[in-house]
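Before we start, here is the structure in question, set down as structure tokens.
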Amino acid sequence: MNGGSPRTGAEPRAPEPSLHGDERIAPPPEPTRVFSGIQPSGFVHVGNWLGAVRNWVELSTRLDCLFCIVDYHAVTVPYAAAEMPSRTFEAALTLLACGLDSERGILFVQSHVPEHMELAWVLTTLAPMGELERMTQFKEKSEAYGVQAGLFMYPVLQAADILLYKADGVPIGEDQLQHLELTREVARRFNRAWGETFPEPRPILTDAPRILALDGKGKMSKSQPEQAIGLLDPPDVIRAKLRGAFTDPARKRRFDPGNPDICNIFFLHHFFSGPEDIARVDRDCRTAVLGCFEDKMNLAEHVIDTLAPIRERADELRSDPARVHAVLAGGAERASAIARATMDEVRRRMGLRA
Ligand code: AMP
Ligand code: TRP
């Protein structure tokens, strides 16, 4: 600690606060309950997987976990009612194919547990308007779809999702940190107003908290499927999407040397390719031995191989849809038991239905 060159002359200063490497700060304790959610608004993509879902699978092997398909969040933007059931089913199927299962953790659909709505209303009375107005996602989505109160209250419903289960760990991508900060604020305000009830949940990030879209413009997201690799995309679709992907923008011609440090494709190699391949790409890109096109096609094969087991499990599950529905029904039942207990406590503390 503080192992840099000694300071001279000045007053001894406290070491810079650091998240890592300061052994006086004990690592945060393991969470006792984990909660996270995903919207059923398109396919589950590589950004979801690397930023969150991969972690869900790992955490579910050793901690008490709930994972929720948040359909009431998805209705805050226009959608076709006829498509919602299949979107919800596909999200569940993909998560199961990634390795979640009913033995390890609870997988369920938000609208199957109405207490989410009930707690969300209670929390609106504590949520600071100013902070809701500052939410990046609110600003972006209201620009795209028009301002409405559902988009505005979106983070309050998210807080309700988490607090309903008194979760203290929330595995999410970086884009959700702002929403989680609001959840923490709302939990503190509830505890101050009505007595200690909720833990302040902490985010759990992966080593890929923000995967960029294939065109390098903003994050990979469900709203731009052509710029995202779906976990269940067939091999030819993955090849076609990567063929058009952006690399180092300064590398204009084939024999210009590239800079892997700023290349989205090289970043993706870290999660799909082996160490030798990564070292070779790093070297051969900088010396222009390797062209971008060849490298993208090389990455495509690694992505296809890595995702193959997920696709195979998804195909198996697709032939047995009753199994997916049974997992969701069982999940809703188990989640409901926890949700009802929390709402009983919330009502009791607030003097409701006494
Ligand atoms: P959503 O697709 O918005 O329902 O997101 C589900 C989860 O995936 C959340 O925890 C997000 O933070 C995470 N996530 C979504 N897109 C990305 C991305 N491009 N990179 C990393 N994590 C992401
Ligand atoms: N807003 C999250 C997203 O778009 C989804 C979500 C809803 C969520 N409720 C949650 C994530 C609770 C974590 C915890 O990705």
Side-chain angles (χ1 to χ4, degrees), residues 31 33-57 59 65-77 79 87-88 90-92 94-95 98 100 106 108-111 113 116-117 119-120 123 132 135-138 140-141 150-151 153-184 186-187 201-225 227-231 264 267-268 271 335 339:
R33 179 169 284 158
V34 166
F35 182 99
S36 198
I38 187 163
Q39 300 194 62
S41 29
F43 55 47
V44 182
H45 53 71
V46 156
N48 295 133
W49 188 55
L50 297 175
V53 175
R54 221 173 21 140
N55 229 6
W56 299 4
V57 176
L59 293 164
C65 289
L66 294 109
F67 300 111
C68 185
I69 298 168
V70 291
D71 48 358
Y72 270 131
H73 277 105
V75 304
T76 54
V77 297
Y79 70 101
R87 276 167 33 184
T88 303
E90 281 297 308
T94 312
L95 294 176
C98 288
L100 292 183
I106 299 177
F108 71 107
V109 178
Q110 189 184 35
S111 65
V113 181
H116 287 250
M117 297 302 116
L119 184 57
L123 299 183
L132 289 173
M135 294 288 149
T136 309
Q137 194 178 296
F138 167 65
E140 283 171 4
K141 288 198 177 172
L151 280 178
M153 291 302 174
Y154 181 112
V156 182
L157 178 56
Q158 182 160 347
D161 296 340
I162 298 165
L163 300 182
L164 193 53
Y165 302 96
K166 300 193 178 184
D168 54 354
V170 186
I172 41 175
E174 195 179 75
D175 61 324
Q176 295 302 313
L177 287 175
Q178 204 184 18
H179 289 167
L180 195 67
E181 207 38 65
L182 183 97
T183 301
R184 291 163 60 83
V186 167
R202 304 172 62 99
I204 305 174
L205 295 175
T206 68
D207 55 352
R210 186 167 189 266
I211 295 290
L212 293 183
L214 294 178
D215 61 6
K217 299 192 183 91
K219 62 167 185 161
M220 190 176 281
S221 91
K222 297 201 175 95
S223 58
Q224 280 192 298
Q227 301 301 339
I229 300 174
L231 292 187
N264 194 25
F267 185 67
L268 288 174
F271 308 102

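Read the numbers this way: they start at 1 and go in the same order the structure lists the ligands and their atoms. FYI, side chains are in, hydrogens and waters are out, and symmetry mates aren't considered; it's all heavy atoms of this structure. Owing to the predicted nature of the structure, the values given are computational and were not obtained by experimental measurement.
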Response to the item:
Sorted by chain and residue number, the residues with a non-hydrogen atom under 4.0 Å of ligand 1 are G37, I38, Q39, H45, G47, N48, G51, A52, I172, G173, D175, Q176, A208, P209, R210, I211, K219, M220, K222
Worksheet item: Listed by chain and number, what are the ring pair (Phe, Tyr, Trp, His ring centres under 6.0 Å) partners of F67, not counting sequence neighbours?
Response: W56
Worksheet item: Would you say the side-chain atoms of E174 pair up with the backbone N or O of R210, donor to acceptor, closer than 3.5 Å?
Response: no
Worksheet, complete the sentence: Closest non-hydrogen contact found for F43 with N48 is O-OD1, 4.1 Å
Practice prompt. Sort out the contact shell of ligand 2: every protein residue with a heavy-atom distance below 4.0 Å, listed by chain and number.
Written response: F35, S36, G37, Q39, V70, H73, Y154, Q158, D161, I162, V170, I172, Q176
Item to complete: For side chain to side chain donor-acceptor pair (under 3.5 Å), just list the numbers for D71 and T88, CA-CA rounded to whole Å, side-chain angles, deciding distance to a tenth of an Å, and then say yes or no.
Response: CA-CA 7 Å; D71 48 358; T88 303; 5.0 Å; no
Worksheet item: Below 4.0 angstrom, N of the basic side chain to O of the carboxylate: do R184 and E181 qualify?
Response: yes
Worksheet item: For the atom pair CG (D215) and CG (N264), what is the distance rounded to the nearest 0.5 Å?
Response: 9.0 Å
Worksheet item: Which residues satisfy the ring pair (Phe, Tyr, Trp, His ring centres under 6.0 Å) test with F271, sequence neighbours excluded?
Response: F267
Practice prompt. Carefully, step by step, assess Q110 and L157 under the rule side chain to side chain contact (heavy atoms under 4.5 Å, CB included).
Written response: CA-CA 10 Å; Q110 189 184 35; L157 178 56; 3.7 Å; yes
Item to complete: For residues R87 and A74, report the shortest heavy-atom separation together with the two atoms involved.
Response: NH2-CB, 4.2 Å
